[in-house]
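Note: hydrogens, waters and symmetry copies are ignored here, and every other heavy atom, side chains too, is used. Since this is a predicted model, take the numbers as computed values, not measurements.
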Amino acid sequence: MLKIHFSGEDILRTRVAPAADPVWELVLSLHVLRGRTRDPLTANWRRSVARDLRQDSASEQLRLLFALNPPRGYFPDFLTPYASVEGFEAGLDALRRTPAELLHRDLSVLAAENQLPSSAAALARGEVSALHHLAESMEQYRSLAISPYWGRIQAAVAADRTRRARALLDGGVEGLLASLRPTMRWESGVLEVHSYPHSRELHLDGRGLLLVPSFFCAATPVALLDPALPPVLVYPVDRLGALVSADADAASGAARESLAALLGRTRAAVLQASDEGCTTGEVARQLNISPAAASQHATVLRNAGLLVSHRERNSVLHTLTPLGRAMLDA
């Protein structure tokens, strides 16, 4: 079990990542791709990615990346730098600047239980060319395994963020932490992570905690091994259906027509416009309808549990609820 200890200052500094973290999703997807679990929601993704890797002869070029991410157990902390919360490029930039002592330390831990290719030696020495090669491998793998599916990954994470936002509004940060059941339990200033592979205690020491909702995180949340790094806890989200590529989504015109028939074409368009958050005025401009009509349609969708509306100063922001997200993605 992992026990994370919070002070009052830690509670104030705890937050949820603003969106799906592309570097964490990439790294954790490698574990799903090569693991033994046969999750039906990722089965098609696994087959498709494995086929693309064979056809593109990419497996040999990605050999080091695969070796750094065994299906089970430890993987290096430096692969998921804190800067990735700002996006994929920011994460790779931080990866390229990883100090040699951290590379050597992390790879020594990994090599104690796993056989590494000869190319890992150059990486452990902090050679710039090895770091750039690793970053290029991550970009190559991302183009095959992550980018075509990014819309669905984002949708699942955004739906979870909506759920956590409501818990935060209702119960503050402690309500947010309590909402992480059943894989975790919040009690008396301690967040307990059940089924964690090792017994650990992490004291935040006033730094707070970054919660990272993740599509590819398995049943057990993930924390960095090094307690000196900024504290991060990655946890699984509901996947809201099987993982399909953008090409499959683009071919779902019939499904969108069915949604329009169910809700009415304008309300279906309002739901689509609210996919990433949209104010009433923005909805009106996008759909070329009056603000009053946009507000009326949003009210109907909100009363049906498909939208959540928040007033911010002089505007009202509409976002999808998990039900609205699932209906749109279905």
Side-chain angles (χ1 to χ4, degrees), residues 2 4 6 10-11 13-32 37 39 41-42 45 75 79-88 90-91 142 145-147 149-186 191-196 202 204 208-224 230-243 274-277 308 310 319-326 328-329:
L2 170 63
I4 304 176
F6 290 71
D10 291 317
I11 291 176
R13 293 183 174 178
T14 291
R15 62 193 181 104
V16 179
D21 187 306
V23 177
W24 270 107
E25 295 295 354
L26 185 157
V27 169
L28 293 176
S29 76
L30 286 161
H31 302 201
V32 173
T37 302
D39 185 343
L41 298 182
T42 59
W45 171 83
F75 60 94
L79 286 176
T80 53
Y82 192 85
S84 66
V85 72
E86 303 296 337
F88 187 68
R142 181 195 187 206
I146 302 298
S147 295
Y149 308 89
W150 189 240
R152 182 59 60 89
I153 294 167
Q154 286 180 305
V157 170
D160 185 85
R161 276 178 48 82
T162 299
R163 176 184 174 190
R164 305 307 165 195
R166 298 184 70 172
L168 179 66
L169 288 171
D170 290 342
V173 177
E174 291 192 321
L176 165 65
L177 295 170
S179 76
L180 297 172
R181 297 182 303 266
T183 56
M184 293 175 265
R185 184 180 68 169
W186 169 255
L191 184 65
E192 297 179 347
V193 181
H194 305 299
S195 301
Y196 200 76
L202 174 60
L204 300 179
L209 179 67
L210 177 65
L211 294 164
V212 180
S214 168
F215 185 96
F216 280 109
C217 184
T220 303
V222 179
L224 299 175
V232 172
L233 184 67
V234 185
Y235 66 91
V237 303
D238 292 334
R239 288 174 173 160
L240 304 181
L243 192 61
S274 303
D275 187 13
E276 295 183 358
V308 175
H310 299 291
T319 56
L320 299 182
T321 65
L323 177 60
R325 178 78 60 184
L328 187 62
D329 290 341

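- Here the closest non-hydrogen pair linking G87 and P22 is C-CG, 3.8 Å.
- The OG1 atom of T321 lies 12.5 Å from the CZ atom of R163; values are rounded to the nearest 0.5 Å.
- In plain terms, the two heavy atoms of A223 and L233 that are nearest each other are CB-CD1, 4.1 Å.
- If you take CD on E192 and CE on M184, they are separated by 12.0 Å, rounding to the nearest 0.5 Å.
- At a threshold of 4.5 Å between non-hydrogen side-chain atoms, the residues V173 and L177 count as touching.
- Not less than 6.0 angstrom separates the ring centroid of W45 from the ring centroid of F215.
- L176 places a side-chain heavy atom less than 4.5 Å from the side chain of L211.
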**OP:** Start with the C-alpha distance between T162 and L320, add both sets of side-chain angles, then the distance that settles side chain to side chain contact (heavy atoms under 4.5 Å, CB included), and finish with yes or no.
**Re:** CA-CA 7 Å; T162 299; L320 299 182; 5.8 Å; no
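- The minimum heavy-atom distance between V157 and A20, with the atom names listed, is CG1-N, 3.6 Å.
- Note that the CG atom of D10 and the CG atom of L209 stand 8.5 Å from one another [nearest 0.5 Å].
- The shortest side-chain heavy-atom distance between F75 and L30 does not fall under the 4.5 Å cut-off.
- In this structure, F216 CZ and I153 CD1 are separated by 4.5 Å, a value rounded to the nearest 0.5 Å.
- Taking each heavy atom of V23 and T80 in turn, the nearest pair found is CG1-CA, 4.1 Å.
- In this structure, W150 and D21 approach most closely via the heavy-atom pair CH2-C, 4.2 Å.
- Nearest approach of P236 to A219, heavy atoms of both residues: CG-O, 3.8 Å.
- Side-chain contact check for T183 versus P221: some heavy-atom pair is nearer than 4.5 Å.
- Separating the OH atom in Y235 from the CG atom in L191 is a distance of 11.5 Å, to the nearest 0.5 Å.
- With contacts defined as side-chain heavy-atom distances shorter than 4.5 Å, the pair I146/F88 does not qualify.
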**OP:** Apply the test side chain to side chain contact (heavy atoms under 4.5 Å, CB included) to residues T319 and R161: give CA-CA distance (whole Å), side-chain angles for both, the deciding distance (0.1 Å), then the verdict.
**Re:** CA-CA 11 Å; T319 56; R161 276 178 48 82; over 6 Å; no
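- Contact check for D238 versus D160: no side-chain heavy atoms found under the 4.5 Å cut-off.
- At least one donor-acceptor pair closer than 3.5 Å links the side chain of R325 to the backbone N or O of D275.
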